[in-house]
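This one's a predicted model, so the numbers in the text were calculated from it and none came from an experiment.
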Amino acid sequence: MAQLIALAASQAGPAHSFITGEALRAAAERQGHHLALWVKSPLGDQGVWSETERAGALACIVASDLDTPLPPHLQPQVPTLRVTPAEVLADAEGVLRRALLPAAGAAQPGLNTTTPTPLTPAAAPAAASAPRVPATPLRIVAVTSYPTGVAHTFMAAEALEQGAKALGHAIQVETQGSVGAQNTLSTQAIAEADLVIIAADTQVNRERFVGKRLHVTGTKAAIHDAGAVFTEAARQAVVWTSAAAPTAAASASAAQAGPQARTGAYKHLMTGVSFMLPFVVAGGLLIALAFALGGIYVYDDAHKGTLGWVLFQVGAKAGFALMLPALAGYIAYSIADRPGIAPGMIGGLLAGTVGAGFLGAIAAGFIAGYSVQALNRYLRLPRGLEGLKPVLLLPLLGAAITGVLMLMVIGEPMAAVMGALTSWLKGLQTGSAVMLGLVLGGMMAVDMGGPVNKAAYVFSTTLIGSGVTEPMAAAMAGGMTPPLGIALACWLFRSRFLAEERDAAKATAVLGLAFISEGAIPYVARDPLRVIPACVLGSAVAGGLSMFWHIGLQAPHGGIFVLAIPNAVNQVLLYAAAIAAGTVVTALALGVVKRPVAAKAA
């Protein structure tokens with residue numbers, strides 16, 4: 001067993017720095033070594049080596065693509081291996097073996113076998129630690145997209161940019177987050193590109209990339225190991241021939257994008273949800289404003305022609321009316337591309353007509369998507385008539401199949417299920433309501449944007465259109481609590497956190513107020529076994545209190561800033577109290593379970 005020290009720092013951001021460090025730590029544990037890890041990120045330094053750790057180390061690993069020098073008193077006094085984060089993520093165990101070679105008396109290029117050199121920009125890395133530049137650098141264009149929020153979209157983009165830089169590739173990345181498309185790819189950039197990479201958990205329009213070699217993966221794969229994504233893309237990418245009728249090879253490439261890519265029903269559902277959210281937000285807030293201007297009966301004919309009545313019509317009769325078609329249409333779009341949109345939207349509209357609600361819209365979207373996909377695959381036409389499929393035959397036959405099934409087979413059963421669910425939710429007694437709130441709030445804090453979090457969020461969001469707004473309030477309270485609770489704990493229990501963590505707590509609190517749970521991720525990555533349970537406990541309390549007080553929320557996002565809009569929340573003070581209670585519980589739990597920093601270092 002060997003004692004090592006390591007520094008991890010990545011230009012791709014905090015998440016990439018933590019992931020690099022954890023890859024080294026896990027590899028050391030598998031080889032039976034002990035590794036003291038220091039992570040440098042924009043959130044500050046965490047785990048700075050102690051004097052004892054530096055003195056007892058046999059070797060040092062610096063996994064960094066930053067040029068920030070270390071203070072003289074923290075310079076490692078042992079043989080030092082310098083590598084890039086991409087090299088660690090590609091082969092962490094190999095990096096550890098290379099670092100320990102001098103201790104075994106072996107010479108290895110790229111290792112400092114005598115006196116370690118200062119970690120400054122002037123200290124040129126040796127050959128083994130230099131970025132592995134390919135013989136033929138590629139020109140790459142990429143698109144990143146995540147269904148909700150913006151953090152994952154930009155984290156994936158930054159990881160791809162830094163990974164390409166380390167490997168010598170030229171890259172331009174377009175981000176398609178909830179704030180819209182940014183750094184949009186030009187026609188010239190696409191035409192000149194050797195490779196197209198789509199790192200997304202939603203469906204991205206690929207029509208621009210016809211004739212280009214294309215590879216599809218998920219945002220998580222890009223964030224965790226951009227270098228592996230480039231290697232996989234260079235090997236597996238195939239020419240995209242048509243957005244309406246991709247070749248079998250292109251379909252296989254998408255299917256083989258790796259287990260880290262979002263595929264199947266989850267991806268299709270989240271694509272539909274991401275396109276549906278703007279309708280829910282606009283409709284819900286317009287209804288809230290209408291109530292603020294004209295009272296709760298603003299929709300009556302007595303108020304006809306007033307501004308409040310008009311806003312209600314726009315929100316309820318237009319915004320909410322389009323919610324179900326958008327959900328179903330873009331689920332179908334995710335499955336079958338553009339030919340699926342019309343059948344899906346028609347099915348979603350019919351779901352609203354028969355009272356099947358969001359359950360019927362989800363079913364309609366999947367029916368439309370898979371039926372159009374099957375028709376596209378098995379319907380054969382002469383070459384001269386092939387162009388009729390995407391604009392005529394597929395929408396026509398897909399809409400007919402979806403419409404007949406909705407009206408004659410599944411519409412009424414779905415309406416009955418939806419009616420029962422709505423009645424049950426509206427009639428929940430206090431005990432059952434609190435239990436639902438506990439579950440929804442806790443789920444929001446389990447994986448900070450992962451499948452469990454999104455399941456609770458989608459369930460709550462889709463109920464707003466049915467007039468059930470209490471679950472949405474519980475879910476948002478549960479999502480705001482983790483970063484707020486951590487920020488409060490950094491203030492109350494200063495000895496449990498490093499100075500850098502305490503400094504970052506201010507930004508973490510702002511993210512929590514905005515309902516951006518990702519602010520808690522650096523703290524979770526540092527100490528998941530203690531931080532996650534504390535966050536789940538506090539979020540469950542916030543969600544349970546929200547349901548206990550029957551608090552309803554008209555908007556699916558916005559955090560505390562939504563509270564300033566009249567009637568967006570029916571009981572503003574109680575809602576603030578629920579969030580505050582969950583925050584305090586999280587902070588107190590962290591104070592109990594986390595050990596003082598000095599004790600951890602010892």
Side-chain angles (χ1 to χ4, degrees), residues 13-19 21-22 39 41-47 146 148-155 219-220 223-224 440-457 474-494 496-543 557-560 578-595 597:
H16 210 237
S17 300
F18 280 106
I19 292 166
E22 290 305 315
V39 177
S41 77
L43 297 177
D45 292 0
Q46 301 193 30
Y146 195 73
T148 57
V150 297
H152 287 77
T153 300
F154 289 104
M155 287 167 64
T219 54
K220 183 178 291 185
I223 293 170
H224 285 194
L440 289 175
M443 289 174 68
M444 293 296 294
V446 167
D447 51 4
M448 306 296 172
V452 176
N453 170 286
K454 287 297 178 286
Y457 183 72
M476 191 160 84
M480 294 170 64
T481 295
L484 290 174
I486 289 171
L488 180 60
C490 288
W491 181 66
L492 293 177
F493 307 103
R494 300 178 63 82
R496 267 72 167 174
F497 300 89
L498 298 169
E500 295 77 15
E501 291 177 310
R502 296 195 299 270
D503 291 340
K506 300 173 184 177
T508 302
V510 174
L511 293 174
L513 291 174
F515 185 33
I516 300 175
S517 302
E518 285 87 351
I521 289 178
Y523 301 87
V524 171
R526 179 69 182 167
D527 193 5
L529 296 181
R530 293 182 177 89
V531 176
I532 289 178
C535 290
V536 170
L537 178 62
S539 293
V541 169
H557 217 293
I560 198 170
I579 296 170
T583 299
V584 171
V585 169
T586 296
L588 294 177
L590 288 170
V592 171
V593 300
K594 284 184 70 69
R595 294 175 295 170
V597 172

Testing the basics here: between [X] and [Y], what is the closest heavy-atom pair and its distance to 0.1 Å?
{"X": "C490", "Y": "E501", "value": "SG-O, 3.9 Å"}
{"X": "A520", "Y": "I486", "value": "CB-CD1, 3.6 Å"}
{"X": "G512", "Y": "P483", "value": "CA-CG, 3.4 Å"}
{"X": "A445", "Y": "P482", "value": "CB-CG, 3.8 Å"}
{"X": "V585", "Y": "G538", "value": "CG1-CA, 3.9 Å"}

>> Could you tell me if the side chain of L590 sits less than 4.5 Å from the side chain of V531, heavy atoms only?
In response: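 Yes. Closest side-chain heavy atoms under 4.5 Å.
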> Below 4.5 Å, heavy atoms only, C-beta onward: do V446 and I532 meet side chain to side chain?
Replying inline: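 A side-chain contact under 4.5 Å is absent here.
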Distance-only, no hydrogens or angles: does the [X] side chain make a donor-acceptor pair with backbone N or O of [Y] under 3.5 Å?
{"X": "T481", "Y": "S539", "value": "no"}
{"X": "R530", "Y": "V593", "value": "yes"}
{"X": "R494", "Y": "R502", "value": "no"}

> About how many Å separate CG of D527 and CZ of R595, when rounded to the nearest 0.5 Å?
Replying inline: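 So the gap between those two atoms works out to 8.0 Å.
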> Who are the ring pair (Phe, Tyr, Trp, His ring centres under 6.0 Å) partners of F515, not counting sequence neighbours?
Replying inline: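 For F515 the ring pair (Phe, Tyr, Trp, His ring centres under 6.0 Å) partners, ignoring immediate neighbours, are H557.
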> Are L537 and T586 close enough, and set up right, to give a side-chain contact (heavy atoms from CB on, under 4.5 Å), and what steps lead you there?
Replying inline: CA-CA 7 Å; L537 178 62; T586 296; over 6 Å; no
> After noting the C-alpha distance and the side-chain angles of Y523 and T508, does the key distance pass the side-chain contact (heavy atoms from CB on, under 4.5 Å) rule?
Replying inline: CA-CA 10 Å; Y523 301 87; T508 302; 3.5 Å; yes
>> Go through it in stages, so that I can follow the logic: the residues are T583 and I579, the test is side-chain contact (heavy atoms from CB on, under 4.5 Å), and I'd like the CA-CA distance, side-chain angles, deciding distance and then a yes or no.
In response: CA-CA 6 Å; T583 299; I579 296 170; 4.2 Å; yes
